[in-house]
Participant: 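Sharing a structure with you now.
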Number of protein chains: 2
Amino acid sequence: MSLKHILLGILQEPHSGYDIKKVFDQVFSNFWAAELSQIYPQLKKLSEQNMLSVVEEESDKGPSKKVYQTTEKGQKELVNWLQDGPIVHTEKLAYLAQTFFLNSLATTEQKLEFMQALQHEMKTWHQNLCGYQKDWQSRFPNYPYDLPDDEFYPNLTLMMGVKKVGAIVEWCEESIDLIKLRL
Amino acid sequence: MSLKHILLGILQEPHSGYDIKKVFDQVFSNFWAAELSQIYPQLKKLSEQNMLSVVEEESDKGPSKKVYQTTEKGQKELVNWLQDGPIVHTEKLAYLAQTFFLNSLATTEQKLEFMQALQHEMKTWHQNLCGYQKDWQSRFPNYPYDLPDDEFYPNLTLMMGVKKVGAIVEWCEESIDLIKLRL
DNA sequence: TTGCACTATATAAATTGATATATAGATTAC
DNA sequence: GTAATCTATATATCAATTTATATAGTGCAA
């Protein structure tokens, strides 16, 4: 149900459907994924509801594109979503479900391998996030205090990722140590 | 596709559909939610595939129930799922999408309120998790070292929750401090 | 006899994954 | 040189799966 509002948020700046997919893959990948087959029907629906405006434009490369932008009505809907307060408890973490049933694997070695693989994934993810943070830091000498408002809130989501995934890496470490005591 | 495997995991012990819903609400609520309307069709499908056995039983209260249990074939499917390694990057966190667009709210006070509400939610969640952990600690004097295997891995998911949600509460705190500097 | 716990299904909406269509520029084949 | 192919851009649809909301019957207890 949030895709609608995320599109209204992204389309405060004009984008084509194809552009929006890139934003999901590059910017939102840490907390939301969306396919083109979701994006296009939603754009159509939101246009019909006058929450988005559409202009057809020529593309530099490839065929002509439809450029969408949030209307005043759409902006109000976005603000309502934010004013309704934070939406929590929507997480689905498959790897935690796997951890829950990990004892169904035959040997302690296999359980250990699973947790080591998980730690590796999480470490890589954490390093990526830290890399993005370094990019911000090089652009702002007094990071995060000197960020302009329009970059401050997106940056908060990055700070959250660094902190959270860091905690998960630590948990993997501790879990591995505990499992080794059971070998 | 994970619901299927979670059901196979739960049904290593016999449960009715209604029982399973309670397990999701009480045990899995921190990382997976499922509705009865998802559970029943999946049980039917997995029975037809001979991954689950069914026995009709009289209920203490209410109408008779079908009690399901994972078969050998189902057990193999569960083990395959675990052996394929951890499934990551499937998160959808609506509150982070909201944070990303928080600057669309008119005043800094409103943005601060949002983050304070989020912190409150997260603190409550964290306290619940710590409560569950105290229950474990009272049952095992040498927690978590003296846990039997069949309780050790479920407990890991709880330890993860405490650590992760703790980090999120800290992030909320830091974010609130940063936003206050912008008032 | 009202309410609650238990059991289950129906329907609608959202999401995913695969596929189809088409244009333009770049690369390669002949 | 030009035809064929490849790659990137752009839009769209379909089937299958997953998720959410609402509805409905059953038996017991207060």
Side-chain angles (χ1 to χ4, degrees), chain A residues 1-8 10-11 14-26 28-29 31-49 52 54-68 81 87-94 97, chain B residues 1-8 11 14-26 28-29 31-49 51-52 54-68 77 81 87 89-94 97:
Chain A
M1 293 278 278
S2 296
L3 177 65
K4 167 180 165 183
H5 297 101
I6 295 175
L7 290 177
L8 292 173
I10 293 172
L11 290 172
H15 290 82
S16 70
Y18 197 80
D19 286 340
I20 292 170
K21 172 61 175 159
K22 281 190 208 157
V23 173
F24 275 102
D25 290 348
Q26 292 165 16
F28 286 82
S29 57
F31 52 88
W32 205 277
E35 300 301 320
L36 285 171
S37 53
Q38 271 181 278
I39 293 168
Y40 283 112
Q42 267 296 327
L43 290 174
K44 198 174 176 183
K45 202 172 164 188
L46 288 170
S47 304
E48 285 163 7
Q49 294 171 352
L52 297 178
V54 201
V55 180
E56 193 137 5
E57 273 183 29
E58 292 310 306
S59 172
D60 295 346
K61 313 171 179 180
S64 71
K65 58 185 173 181
K66 290 181 193 165
V67 177
Y68 295 85
W81 179 58
I87 301 166
V88 292
H89 297 301
T90 56
E91 280 156 279
K92 297 215 167 178
L93 297 177
Chain B
M1 291 287 279
S2 294
L3 177 65
K4 167 181 165 181
H5 297 102
I6 295 174
L7 290 177
L8 292 173
L11 290 172
H15 291 82
S16 71
Y18 196 80
D19 286 341
I20 292 169
K21 172 62 175 158
K22 280 192 210 156
V23 173
F24 275 102
D25 291 347
Q26 291 164 15
F28 286 81
S29 56
F31 53 88
W32 205 277
E35 299 303 319
L36 285 170
S37 54
Q38 276 181 273
I39 294 167
Y40 283 111
Q42 269 295 328
L43 290 174
K44 197 176 175 184
K45 202 172 162 188
L46 289 170
S47 305
E48 285 163 8
Q49 295 171 352
M51 302 234 199
L52 296 178
V54 202
V55 181
E56 192 137 4
E57 274 182 27
E58 292 310 307
S59 171
D60 297 345
K61 313 170 180 180
S64 71
K65 58 185 173 182
K66 289 180 193 164
V67 177
Y68 295 86
E77 179 62 31
W81 180 58
I87 300 165
H89 296 301
T90 57
E91 283 157 278
K92 294 210 170 183
L93 297 177

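Each chain gets a letter, A, B and so on, in the order the sequences are listed, and its residues count up from 1. Just so you know, these numbers come straight off a predicted model, no measurement behind them.
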Participant: Quick one: which of C/dT15, D/dA20, D/dT9 gets closest to the side chain of A/Leu3?
Facilitator: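 That would be C/dT15.
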
Participant: Quick check on A/Lys44: does its NZ atom have over 12 non-hydrogen neighbours (other residues, nucleotides or ligands) under 6.0 Å away?
Facilitator: no

Participant: Between B/Leu36 (CG) and C/dA5 (P), how many Å, whole number?
Facilitator: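 So the CG-P distance, B/Leu36 to C/dA5, works out to 15 Å.
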
Participant: Between P on D/dT11 and NE2 on A/His15, what's the gap in Å once rounded to a whole number?
Facilitator: 13 Å

Participant: Search all heavy atoms of B/Leu36 against all heavy atoms of B/Gly17 and return the closest pair with its distance.
Facilitator: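 Taking B/Leu36 first and B/Gly17 second, the nearest heavy atoms are CD2-O, 3.9 Å.
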
Participant: How many angstroms lie between atom CD of A/Gln38 and atom NZ of A/Lys4, to the nearest 0.5 angstrom?
Facilitator: 15.0 Å

Participant: Specify the closest pair of heavy atoms between A/Ser47 and A/Leu43, including all atoms of both residues, with the distance to one decimal.
Facilitator: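 Nearest pair, atom of A/Ser47 first, then A/Leu43: OG-O, 2.7 Å.
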
Participant: By nearest nucleotide on DNA chain C, pick out whichever of B/Ser64 and A/Ser37 is the more 5' one.
Facilitator: B/Ser64

Participant: Which nucleotide in the list D/dA10, C/dT16, D/dT21 gets nearest to the side chain of A/Lys65?
Facilitator: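 The closest nucleotide is D/dA10.
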
Participant: Which whole-number value in Å describes the distance from A/Glu56 CD to D/dA12 C1'?
Facilitator: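 Spelled out: CD on A/Glu56 to C1' on D/dA12 is 14 Å.
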
Participant: What is the distance, to the nearest angstrom, from the CD1 atom on A/Ile20 to the P atom on D/dA10?
Facilitator: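 That distance rounds to 12 Å.
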
Participant: As an exercise, state the distance from OH of A/Tyr18 to CD1 of A/Ile39, rounded to the nearest 0.5 Å.
Facilitator: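 CD1 of A/Ile39 is found 11.5 Å from OH of A/Tyr18.
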
Participant: With a 4.0 Å limit, can you tell me whether A/Lys66 has a side-chain N or O closer than that to the phosphate oxygens OP1/OP2 of D/dA12?
Facilitator: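 Yes, such a contact exists.
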
Participant: In whole Å, what is the span from the NZ atom of A/Lys21 to the C1' atom of C/dT15?
Facilitator: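 In whole Å, C/dT15 C1' and A/Lys21 NZ are 12 Å from each other.
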
Participant: Closer than 4.0 Å, any side-chain N/O of A/Lys92 to the OP1 or OP2 of D/dT19?
Facilitator: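 So the side-chain polar atoms of A/Lys92 do come within 4.0 Å of the phosphate oxygens OP1 or OP2 of D/dT19, strictly under.
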
Participant: Would you jot down, in residue-number order, the residues of residues 38-48 of chain A having a non-hydrogen atom under 4.0 Å from DNA chain D?
Facilitator: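 The answer is A/Tyr40.
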
Participant: Send over the distance from A/Glu35 CD to D/dT11 P, rounded to a whole Å.
Facilitator: 16 Å

Participant: Report which part of the nucleic acid B/Lys22 touches: base, sugar-phosphate, or nothing (heavy-atom distance under 4.0 Å, all strands).
Facilitator: sugar-phosphate

Participant: When all nucleic acid strands are considered with a 4.0 Å heavy-atom cut-off, which category describes A/Ser16: base, sugar-phosphate, or nothing?
Facilitator: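 Sugar-phosphate only.
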
Participant: To the closest 0.5 Å, what do you measure between NE2 (B/His89) and CD (B/Glu91)?
Facilitator: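 Reported to 0.5 Å precision, the distance equals 8.5 Å.
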
Participant: Which distance, rounded to the nearest 0.5 Å, do you find between the CD1 of A/Ile20 and the CZ of A/Phe28?
Facilitator: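 Between atom CD1 of A/Ile20 and atom CZ of A/Phe28 there are 10.0 Å.
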
Participant: Between B/Leu7 (CG) and D/dT17 (P), how many Å, whole number?
Facilitator: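 After rounding, the reported distance stands at 16 Å.
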
Participant: Write down the distance between CG (A/Asp25) and P (D/dT9), rounded to a whole number of angstrom.
Facilitator: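 Result: 12 Å.
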
